[in-house]
Amino acid sequence: MHDIKWIKENIVLFDTAMKRRSIPSVSIEVTKLYESYVALLLQLQILQNERNNSSKIIGIKKAKGEDTKLEMEQVAKLKLDIISLQEKSNSVSLKIKQFLEVIPNIPSEDTPDGVNEESNKEIKVFGNKPVFPFKPLSHDVIGYKLNMMDFDKAADMSGARFVILKDKLALLERALCSFMLNIHTQKHKYIEISPPSLVRDKALFGTGQLPKFSKDLFKTNSDHWLIPTAEVPLTNIVADEIIPSVSLPIRYTALTTCFRSEAGSAGQDTKGMIRLHEFKKVELVSIVKAEDSVAEHERMLSCAEEILKQLELPYRVVILCCGDLGFSASKTYDIEVWLPSQNQYREISSCSNCLSFQSRRMNARMRNLNNDIEPVHTLNGSGVAVGRALLAILENYQNKDGSVNIPVVLKPYMNGLDMIALNE
RNA sequence: GGACACGUGGCCGAGUGGUUGAAGGCGCGCCCCUGCUAAGGGUGUAAACGGGCAACCGUUUCGAGGGUUCGAAUCCCUUCGUGUCCGCCA
């Protein structure tokens with residue numbers, strides 16, 4: 001959520017930024033609304049002040065047993081004006097709020113222009129793509145042949161875009177979860193959280209999924225929403241808080257299941273585990289001072305990269321262009337892992353700096369050393385998507401006979417297993 | 001799901017219609033004092049918004065929303081949350 005006062009003072013800057021997002025300029029309109037709101041408020045406050053004074057006098061007079069008929073009649077008249085002014089100013093301020101809450105964050109200066117992912121900018125490539133002396137299979141075929149991945153049964157009970165992992169693949173998923181959480185808690189000093197998976201509107205408004213993107217979410221019949229990412233509960237831990245600046249940065253990590261309706265992605269990635277309605281993900285969230293968020297963003301990216309480095313999976317890092325940037329983000333790095341069967345890199349992590357965009361929506365603030373209160377900055381990133389990590393391992397570590405080697409760092413989590421092979 | 005109770009400032013906790021943004025305590029800040037024993041005294045200490053160069057002034061806020069009233073933390077309604085007991089269940 002943008003600060004209306006900031007927009008008012010930076011009309012050109014603001015509209016230029018929105019233009020990069022292909023959003024028509026609204027700053028003049030909002031600013032005008034705001035000015036009329038301030039005018040109404042001023043008038044209203046004068047009348048409220050009069051009413052308060054008169055009511056005090058009535059109270060004093062009544063205590064003395066004096067007659068207050070005159071005063072009471074005067075205030076009664078005032079009251080009508082107050083009510084009508086209040087209605088007007090409420091409706092204008094609601095309009096302003098409705099305007100502001102659907103305007104996305106401003107892209108950072110170093111976010112490339114562009115309307116779709118083709119304009120994303122590659123900034124780093126890491127690792128060697130595996131060379132196979134045979135035609136590498138896709139992960140779903142590998143899983144099927146191992147008899148450890150069942151899309152058909154999942155479809156019978158849940159429909160499309162669900163999967164059942166069995167036996168060693170279920171273990172591999174669990175191993176990945178533990179491995180990632182251990183790295184982030186022990187090496188990167190994130191605090192592990194086990195949050196709710198169901199949240200109310202307010203939480204999703206805070207992180208920016210609502211009110212605009214309800215179509216992408218699942219809703220229960222009890223007015224809860226299933227979280228699309230742990231970013232939602234993790235970031236909302238600081239909602240409505242005033243945090244002493246000495247307590248920052250706060251770094252949280254969590255393993256959760258993520259639920260996404262995938263409305264509008266019909267036909268995309270219909271095969272395999274790439275795009276499911278539910279998947280597990282280890283998330284990273286940082287709450288930092290404004291001046292620290294740029295550095296924290298780099299740190300977060302390197303924390304996510306660390307996972308892929310240790311798993312020895314080839315990847316690249318891109319900066320998302322304006323057209324690909326999420327609603328709440330000012331700048332986003334995507335980490336893309338190499339998938340041999342597709343002969344391309346696919347997203348496995350997304351690390352975003354939201355600046356004060358989310359913190360203003362959820363009223364998350366800090367008290368600095370001068371005792372002043374200001375919004376914190378929030379960042380979130382995947383560290384990393386578990387399902388996609390699993391499928392990347394299957395594809396990158398596959399052998400000709402259909403077996404799959406286990407990355408060295410995962411062996412302790414796999415009961416010492418070196419390889420997943422077809423059960424005899 | 002049934003019954004009852006409760007939601008006040010960083011925390012605890014008074015406050016059932018009238019100069020109450022809110023006693024008192026704790027905590028914290030600043031200042032002072034100090035050879036009567038791990039202390040005493042003074043003073044300050046909410047947020048948001050609006051106006052003002054500023055000092056400062058004003059408005060709103062006692063879970064949230066609405067209502068009654070000249071006036072509401074206090075009364076009424078709705079709602080959310082919490083606690084306890086009962087029922088049910090992992």
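Please read all numbers here as calculations on a predicted model, not as lab measurements. Lettering of chains follows the sequences in order, A, B, ..., and the numbering in each one begins at 1.
By the 4.5 Å heavy-atom criterion applied to side chains, A:M157 and A:I164 are counted as neighbours.
If you check every strand for non-hydrogen atoms under 4.0 Å, A:K5 touches sugar and phosphate atoms only. Using a 4.0 Å heavy-atom cutoff across all strands shown, A:I46 reaches no nucleic acid atom at all.
The number of heavy atoms from other shown groups lying within 6.0 Å of NZ (A:K19) does not exceed 12.
Contact annotation: A:K79 reaches the phosphate of B:rG71 (side-chain N/O to OP1 or OP2, under 4.0 Å). OP1 or OP2 of B:rU59 lies within a sub-4.0 Å distance of a side-chain N or O belonging to A:N49.
Base-pair partner of B:rU84: B:rA3 (Watson-Crick or G-U wobble, both distances under 3.5 Å). A 3.5 Å limit on both hydrogen-bonding distances identifies B:rG44 as the Watson-Crick or G-U partner of B:rC28. Of all nucleotides present, only B:rU78 satisfies the Watson-Crick or G-U wobble test against B:rA64, with each distance under 3.5 Å. In this structure B:rA72 sits in no base pair that meets the Watson-Crick or G-U test at under 3.5 Å. Base pairing of B:rU19 is not made with any nucleotide, judged by Watson-Crick or G-U wobble geometry with both donor-acceptor distances under 3.5 Å.
Salt-bridge formation is detected for the pair A:K411/A:D418: a Lys NZ or Arg NE/NH1/NH2 atom is positioned less than 4.0 Å from an Asp or Glu carboxylate oxygen. One finds no salt bridge joining A:R161 and A:E262 here, because no Lys/Arg side-chain nitrogen approaches an Asp/Glu carboxylate oxygen to under 4.0 Å. Salt-bridge annotation for A:D110 and A:K331: present, with a side-chain N of the basic residue lying under 4.0 Å from a carboxylate O of the acidic one.
Using P as the reference atom, B:rG83 and B:rU19 are 35 Å apart when rounded to the nearest Å.
In this structure, OH of A:Y37 is placed 9 Å from C1' of B:rU60, rounded to the nearest angstrom. In this structure, the CD atom of A:E71 is 16 Å from the C1' atom of B:rU69, given to the nearest Å.
Taking a 4.0 Å limit (strictly below) on heavy-atom distances, residues 50-58 of chain A reaches RNA chain B at A:R51, A:N52, A:S55, A:K56, A:I58.
In this structure, A:N90 and A:Q48 both approach RNA chain B, and ranking their closest nucleotides by distance from the 5' end singles out A:Q48.
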